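Let me begin by presenting the structure, written as structure tokens, before commenting on it.
The structure presented is a predicted model; accordingly, all values stated were derived computationally and were not measured. When reading the values below, keep in mind they use all heavy atoms of this one structure, side chains included, and skip hydrogens, waters and symmetry mates. In listed order, ligands and their atoms are each counted from 1. All residue numbers refer to positions in the sequence shown, counting from 1.
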Amino acid sequence: MEILVAKSAGFCYGVKRAIKMAKDTIEKSKVNCFSLGPIIHNPIVVRDLEKEGLKVIENVRDIKKGTLVIRSHGISKDESEYLKKNPKISVVDTTCPFVTKSKKFLVRLIRGGYNIFFLGDKDHPEVKGLLSYINNRAVVFKDPDELEIKNYKKVGLISQTTQKIELLKKAVDRLLSSTEELRVFNTICKTTSIRQKEAVELAKKVDLMLVLGGKNSSNTKKLYEVCKSVLNKSFHIESPKEIDTRWLEGVKKVGITAGASTPKEHINDVIKFLRDNSTEENNG
Ligand code: SF4
């Protein structure tokens with residue numbers, strides 16, 4: 001069996017940076033180290049960090065003192081204000097610079113009097129956090145086909161960093177005819193676009209595609225969707241334990257890609273599993 005791994009599979013820039021900052025914080029602070037929500041969307045990594053001393057809390061008001069690591073998705077305006085008022089909590093902000101950039105664009109649009117359309121998942125922490133800075137004055141949508149289009153003078157279109165570029169293009173198409181002015185910020189991070197493009201190319205070449213990453217990871221889910229759209233035999237897994245060996249029957253080429261929150265070691269575990277369980281010759 002030949003095993004092909006996408007070049008971009010694994011940690012992205014923002015996640016690498018967040019993990020490094022979290023580990024440095026644990027080393028320095030030792031006790032009373034917290035992260036607001038899981039630091040990345042990968043339960044295995046989060047559990048390992050917890051063992052090292054980074055406790056996950058869900059509400060910023062749950063701590064009175066200590067060090068709080070803010071994850072790469074960022075935090076809401078309310079949370080940020082609470083932290084500013086509490087000098088006993090020191091903050092390590094790992095918000096990805098791409099998310100910070102989205103925030104600036106959003107604020108610029110709202111100040112410019114645009115009706116904001118936001119492509120994304122309204123329950124995702126990144127989206128919730130960003131929208132809090134504009135008092136949720138935006139139409140959040142996942143599917144451009146479901147947009148209720150009225151006539152607008154000024155429309156601002158923006159996206160969650162992990163969305164599919166095709167959906168953003170489709171939204172431009174739908175909104176353009178109903179507005180005098182359409183301002184679009186392509187806030188889909190480059191890592192996401194490159195990863196998705198490579199995943200599609202790889203899925204076209206193989207008989208089985210494995211997409212590795214947290215089930216709660218938005219970018220991994222999107223990767224799985226793009227793979228599934230070109231190869232039916234695509235599966236989203238969190239670890240090799242989920243691989244059903246029947247999937248491997250008659251398979252000559254397997255493709256592997258992984259979400260931005262997946263460490264290289266997890267990819268290696270999948271490769272090892274495939275090699276150990278391959279029935280085909282040529283363990284490439
Ligand atoms: S996927 Fe992009 S926006 Fe999200 S953390 Fe990684 S680099 Fe930053």
Side-chain angles (χ1 to χ4, degrees), residues 6-25 35-46 49 54 56 68-76 79-80 91-107 118-133 140 142 157-168 184-200 211-227 236 238 256-264 266-267:
K7 243 194 265 155
S8 58
F11 282 172
C12 64
Y13 154 77
V15 166
K16 266 191 210 151
R17 180 175 168 271
I19 303 256
K20 180 167 184 327
M21 287 169 83
K23 286 194 169 173
D24 289 350
T25 307
S35 83
L36 186 58
I39 185 87
I40 59 169
H41 278 154
N42 188 301
I44 303 169
V45 176
V46 171
L49 284 172
L54 188 71
V56 178
L68 182 69
V69 180
I70 291 167
R71 55 193 174 170
S72 52
H73 302 309
I75 51 170
S76 71
E79 289 164 334
S80 161
V91 172
V92 176
D93 187 359
T94 82
T95 306
C96 180
F98 297 126
V99 177
T100 308
K101 208 162 148 191
S102 299
K103 187 169 106 187
K104 280 189 196 145
F105 290 148
L106 264 181
V107 172
F118 195 112
L119 171 64
D121 173 359
K122 67 176 176 19
D123 296 319
H124 192 280
E126 177 192 321
V127 179
K128 280 180 166 174
L130 284 173
L131 294 183
S132 69
Y133 292 90
V140 185
K142 271 187 183 169
L157 177 61
I158 199 157
S159 165
Q160 189 179 339
T161 50
T162 48
Q163 285 292 316
K164 293 187 263 192
I165 190 77
E166 288 68 32
L167 289 180
L168 188 63
V184 187
F185 284 107
N186 178 3
T187 44
I188 298 174
C189 104
K190 287 221 168 38
T191 314
T192 305
S193 311
I194 293 169
R195 204 176 287 259
Q196 287 175 3
K197 215 169 144 215
E198 276 183 16
V200 168
V211 183
L212 184 63
K215 295 270 161 74
N216 56 350
S217 154
S218 165
N219 76 83
T220 313
K221 277 192 254 176
K222 295 283 172 316
L223 270 182
Y224 165 68
E225 283 167 19
V226 294
C227 290
H236 178 179
E238 264 181 15
I256 303 174
T257 188
S261 315
T262 310
K264 277 270 182 282
H266 294 188
I267 301 173

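In this pair, His73 and His41 present their aromatic rings tilted. The plane angle is within the 30 to 60° band. Using cut-offs of 30° and 60° for the angle between ring planes, the Phe185 and Phe105 rings count as parallel.
Listed here is the closest heavy atom pair of Ser261 and Ile40: O-CD1, 3.5 Å. Taking every heavy atom of both residues into account, Gly214 and Asn42 meet most closely at N-ND2, 4.4 Å.
Distances from atom 2 (Fe) of ligand 1 under 2.8 Å pick out these protein N/O/S atoms: Cys189 SG.
Within 6.0 Å of the NZ atom in Lys101, the count of heavy atoms belonging to other residues, nucleotides or ligands does not exceed 12. Crowding of Lys264 atom NZ: a count of heavy atoms from other residues, nucleotides or ligands under 6.0 Å exceeding 12.
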